[in-house]
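Residue numbers start from 1 in every chain, and the chains themselves are labelled A, B, ... in the order their sequence lines are given, proteins ahead of strands.
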Amino acid sequence: MTIDIRGLGKVFPKGKKTITAIDGFDLQIGEGEFVCLLGPSGCGKTTVLRLVAGLEAKSAGSIKVQGREVVSSSPERGMVFQEFALFPWRTVRKNIEFGLELRGILEDRRKAVSSRLIDLVGLEGFEDAHPKELSGGMKQRVGIARALANEPAVLLMDEPFGALDAQTRNLMQKELLRIWSATKKTILFVTHSVDEAVFLADRIVVMTARPGKVREIIPVGLPRPRDRTSKEFIAVRGKVLAELDEEFEKARAKELSPD
Amino acid sequence: MVDIAKELRRYLQDNGRNILLGLLSVSVFLIGWHLYSYYLSSTDSAIKWYVPAPGVVAEAFMDWFDAPDPGTDVWVSVHVIASLKKIFLGFVLALSVAVPAGILMGSSRMSNALGRPLVEIFRPIPPLAWIPIFLVVFVGWGGIAIVFLGIFFPILLNVQLGVRSVDPVLVDAARTLGANRRQIFLKVVLPFSVPYLMTGIKVGLGIGWMCIVAAEMLGSSTGVGSLIRISADLSLFPTMYAAMVLIGILSVLTTGVASLIERRLSKWMGMR
């Protein structure tokens, strides 16, 4: 078990009241597994991811990664952000080497690692470019390479392709599967796109509306590469959509209620 | 140096149109000035002695290259160096206090709560107002203290703004990559604030030059500020105007160097 989440809860203060964002969330993810977290907006998918990353403190329950309780952020849990979050003053290579630099790894070794990753994510020729010179898809390639440089046990991805256009998005999904099979990382991937989840995941975790917990875990069970137009793909999509629709309705009803 | 020349050439190429427009407005101003002084010279008004034609001012300016200044009897370079020295010392002192203070006030709510009222009270006080006190308290350093005040606040406020503007997602990214607080500060907050610091320096230097006349008001016989005062006292009005032009030129040159560094740095840092 690479990630073991039990009874996870998160409460945010809001003025004098508090908001329960996550309540009784349970999820176990095996080594090398690709899991997508799906749910209506505001259900706390990103919060779950940030809690696993250690960027926020949990209010209840436990999160274990490789058997150790998460207490703070750590390079063993790499994260990829929707906003890319690249350091604008650093070149592609220097962005990728950031984590290695923090650990005081010498330049020769850093360079060897970053060169290997630049090859892996397909950024040859852009080593010395700054982020603002890159397209969105290329930026996220840097984001993925930067997270991988620390050789994390898990890769946490927060709607990483959400800011990309549809074409680039499809390409990046394929690229991510290629990188995943090359690195065999455990991936927890947050998305609000059913299509993306069915295309990528081994299992899809559908969350409930707030307070967020696991509503249903749907194994995709289709061989890769997946064909979005195949009957089987559409069937799984339909199943996920049906689950999600009910939660969307609940979320909407809640939004409309006076409280 | 070669690099700066190249940069300047590119700047001129990119901004040719704007430079022409600038020349146009300056020309219109000079023509207006010339016509006004021409009109005055045909009247009996005493004002005419106070408003010499731009050509006369230009002559007074050029005279500085051939002979010592008529009013103060020293070469104009002595005045320029004296003022540059004040600006430089005031700048270095302001930088060394404003940067740490700005970082502190930008990163800690408590230091901001402590420092903010002092900043708000002292910032609007015109440097001129300090002259009597500073000349007694700081003696020979009174002028530098006044320049210091002018440069201090823009740097302080811009550094504070820079530190505060750090994108939180960059801090998150650094944390997930294993950065501790010290590393976040050194490798995220500091580089992020550098362009803001440069803006503060640019604005501060401009204000520093605005303070130079005040800084040299009393107790100083050299410097371009003194040059203005002494020339006016001796009714050498063309020289007085030439000294005003000189301050403008010096200010443009120093802030120009600062903005050149700012642009190069921002570009090198990939921020713009």
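Surrounding CG of Leu118(B) are more than 12 heavy atoms belonging to other residues, nucleotides or ligands, all under 6.0 Å away. Applying the 6.0 Å contact sphere to CZ of Arg116(B) captures more than 12 heavy atoms from other residues, nucleotides or ligands. Atom CZ of Phe12(A) is surrounded by more than 12 heavy atoms from other residues, nucleotides or ligands within 6.0 Å. Applying the 6.0 Å contact sphere to CZ of Arg93(A) captures more than 12 heavy atoms from other residues, nucleotides or ligands. Other residues, nucleotides and ligands contribute more than 12 heavy atoms inside 6.0 Å of the CD atom of Glu120(B). Surrounding CG of Asp108(A) are at most 12 heavy atoms belonging to other residues, nucleotides or ligands under 6.0 Å away.
Here CG of Asp172(B) is found 7.0 Å from CE of Met79(A). Values are rounded to the nearest 0.5 Å. The CG atom of Leu177(B) sits 11.5 Å away from the CD1 atom of Ile96(A) when rounded to the nearest 0.5 Å. For the atom pair Trp89(A) CH2 and Leu265(B) CG, the distance stands at 12.5 Å (nearest 0.5 Å).
Among all heavy-atom pairs drawn from Pro75(A) and Gly178(B), the shortest one is CD-CA, 3.7 Å. Across Lys187(B) and Leu102(A), no two heavy atoms sit closer than the pair CD-CD2, 3.6 Å.
Between Thr176(B) and Phe81(A), the closest side-chain pair of non-hydrogen atoms falls below 4.5 Å. A 4.5 Å side-chain heavy-atom check between Asp167(B) and Phe87(A) finds every atom pair outside the cut-off.
Interface remark: of the candidates Arg90(A), Arg146(A), Glu76(A), Arg146(A) forms the most heavy-atom pairs closer than 4.5 Å to chain B. Ranked by heavy-atom pairs shorter than 4.5 Å toward chain B, the options Arg50(A), Glu133(A), Arg103(A) are led by Arg50(A).
Judged purely by atom type and a 3.5 angstrom limit, Ser73(A) uses its side chain to pair as donor or acceptor with the backbone of Arg175(B).
Neither the backbone nor the side chain of Leu100(A) comes within less than 4.5 Å of any heavy atom in chain B. Neither the backbone nor the side chain of Val171(B) comes within less than 4.5 Å of any heavy atom of chain A.
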